Amino acid sequence: MATKSLFGFQRPSPRLLREWIAGYLFASPFIIGFLVFTAFPMAYSIWLSFHRWDLLSPPKFIGFENYIKMFQDPTANLSLYNSAYYTIFAVPIQLIISFALALALTQNLKFRDLYRAGFYLPIIVPMVASAVVWQRVFHPEYGILNEFLGWFGIEPLRWLFEPQLAKPAFIFMSFWMIGRQMVIFIAGL
């Protein structure tokens, strides 16, 4: 129950105030971690983007000069294009596939828990092991994918060495991690 204060605002009751304090205390490790490891580095990076700094001397303010250089650099523009390409194609496809899997795995299926574990397993596999697997899949000479395509008379492709093929290959590799989104969708369903 709240009481009226002098200025017309309602003061929380002591019980409600204790609940708020307890809530903030329980959330404080996350809040502190977010501020220290995410918010501060992001803000500091934005601040540094307006400076010239060689790590030895103090940062020198140069305004928008770094941004002007960035937009004039063809490599930066290509990087922005590749990032947009990946985001436009990979993210929606990942969400659709993970949602479809979540819908399927919320049904009463035989071995449902085994399927769930199988789709989530790549999340807990170390990145080095995943990289070795994908290197073996996309190897230009003796990769598993080129071996499969050879059955249909298609010549071996240099998947990770040609820009036209590398982007779809990386999008395909990103499907390896759809288990995380699938678990979130299952929790929501």
Side-chain angles (χ1 to χ4, degrees), residues 27 29-46 48-49 55 70 73-189:
F30 169 77
I31 293 169
I32 292 168
F34 173 77
L35 291 174
V36 170
F37 296 112
T38 303
F40 173 73
M42 285 175 59
Y44 191 64
S45 295
I46 292 169
L48 278 178
S49 73
L55 297 176
M70 179 184 74
D73 183 7
T75 308
N77 292 329
L78 180 62
S79 175
L80 290 172
Y81 168 76
N82 288 335
S83 296
Y85 182 94
Y86 179 84
T87 303
I88 289 169
F89 289 106
V91 173
I93 295 171
Q94 285 177 4
L95 290 174
I96 289 168
I97 292 172
S98 59
F99 185 68
L101 286 171
L103 280 175
L105 295 177
T106 54
Q107 306 302 315
N108 192 9
L109 297 173
K110 196 174 195 179
F111 305 117
R112 178 179 66 182
D113 293 335
L114 186 65
Y115 292 132
R116 285 182 180 178
F119 284 113
Y120 191 73
L121 186 64
I123 300 298
I124 59 176
V125 170
M127 277 299 205
V128 173
S130 296
V132 170
V133 167
W134 287 111
Q135 181 185 20
R136 181 69 179 109
V137 169
F138 287 116
H139 194 277
E141 294 173 16
Y142 52 87
I144 297 167
L145 186 56
N146 278 336
E147 186 71 30
F148 175 74
L149 293 175
W151 294 346
F152 300 101
I154 300 173
E155 293 293 319
L157 300 170
R158 296 172 44 93
W159 291 100
L160 301 178
F161 297 98
E162 295 182 24
Q164 300 84 3
L165 297 174
K167 285 185 266 189
F170 278 112
I171 290 172
F172 185 76
M173 281 188 273
S174 71
F175 298 155
W176 179 254
M177 297 292 195
I178 61 172
R180 181 177 292 125
Q181 295 102 325
M182 182 197 70
V183 167
I184 293 170
F185 281 132
I186 287 173
L189 292 170

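Values below: every heavy atom of this structure, side chains too, minus hydrogens, waters and symmetry copies. These figures come from a predicted structure and were not determined experimentally.
Note that CH2 of W134 and CD1 of I144 are 9.5 Å apart. Values are rounded to the nearest 0.5 Å. A distance of 8.5 Å separates CZ of R158 from CD of E141, quoted to the nearest 0.5 Å. The CG atom of L157 lies 6.0 Å from the CG atom of L149; values are rounded to the nearest 0.5 Å. Here the CZ-CD1 distance, from F148 to I154, works out to 8.5 Å after rounding to the nearest 0.5 Å. In this structure, CG on N77 lies 11.0 Å from CG on N82, to the nearest 0.5 angstrom. Atoms CG and CZ, from L109 and R116 in turn, are 9.0 Å apart once rounded to the nearest 0.5 Å.
You'll find the side chain of F34 stays beyond 4.5 Å of the side chain of I31, heavy atoms only. Using a 4.5 Å heavy-atom cutoff, the side chains of F175 and I171 are in contact. The closest side-chain heavy-atom distance from F40 to L35 is not below 4.5 Å. Put simply, the side chain of F119 does not reach to within 4.5 Å of the side chain of V183, judged on heavy atoms. Put simply, the side chain of Y142 reaches to within 4.5 Å of the side chain of R136, judged on heavy atoms. When side chains are defined from C-beta on, N146 counts as touching W159, because their heavy atoms get closer than 4.5 Å.
Residue-environment remark: OH (Y86) exceeds the threshold of 12 foreign heavy atoms within 6.0 Å. The environment of CD in Q135 is sparse: at most 12 heavy-atom neighbours from other residues, nucleotides or ligands sit within 6.0 Å.
Within the 3.5 Å criterion, the main-chain N or O of T75 finds no donor-acceptor partner in the side chain of S79.
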### Message
Between L103 and F185, is the side-chain contact (heavy atoms from CB on, under 4.5 Å) condition met? List the steps.
### Response
CA-CA 8 Å; L103 280 175; F185 281 132; over 6 Å; no
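Smallest separation of non-hydrogen atoms from R180 and I123: NH2-CG2, 3.5 Å. The nearest pair of heavy atoms linking R112 to L105 is CD-O, 2.8 Å. When all heavy atoms of F138 and M173 are compared, the closest pair comes out as CE1-CG, 3.6 Å.
Between Y85 and Y81, the two ring planes are tilted [angle within 30° to 60°].
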Can you give me every donor-acceptor pair (side chain of residues 87-96, partner residue at least two apart or in another chain, under 3.5 Å) with its distance?
{"residue": "T87", "atom": "OG1", "partner": "S83", "partner atom": "O", "Å": "2.8"}
{"residue": "Q94", "atom": "OE1", "partner": "Q181", "partner atom": "NE2", "Å": "3.3"}
{"residue": "Q94", "atom": "NE2", "partner": "S174", "partner atom": "O", "Å": "3.4"}
{"residue": "Q94", "atom": "NE2", "partner": "S174", "partner atom": "OG", "Å": "2.7"}

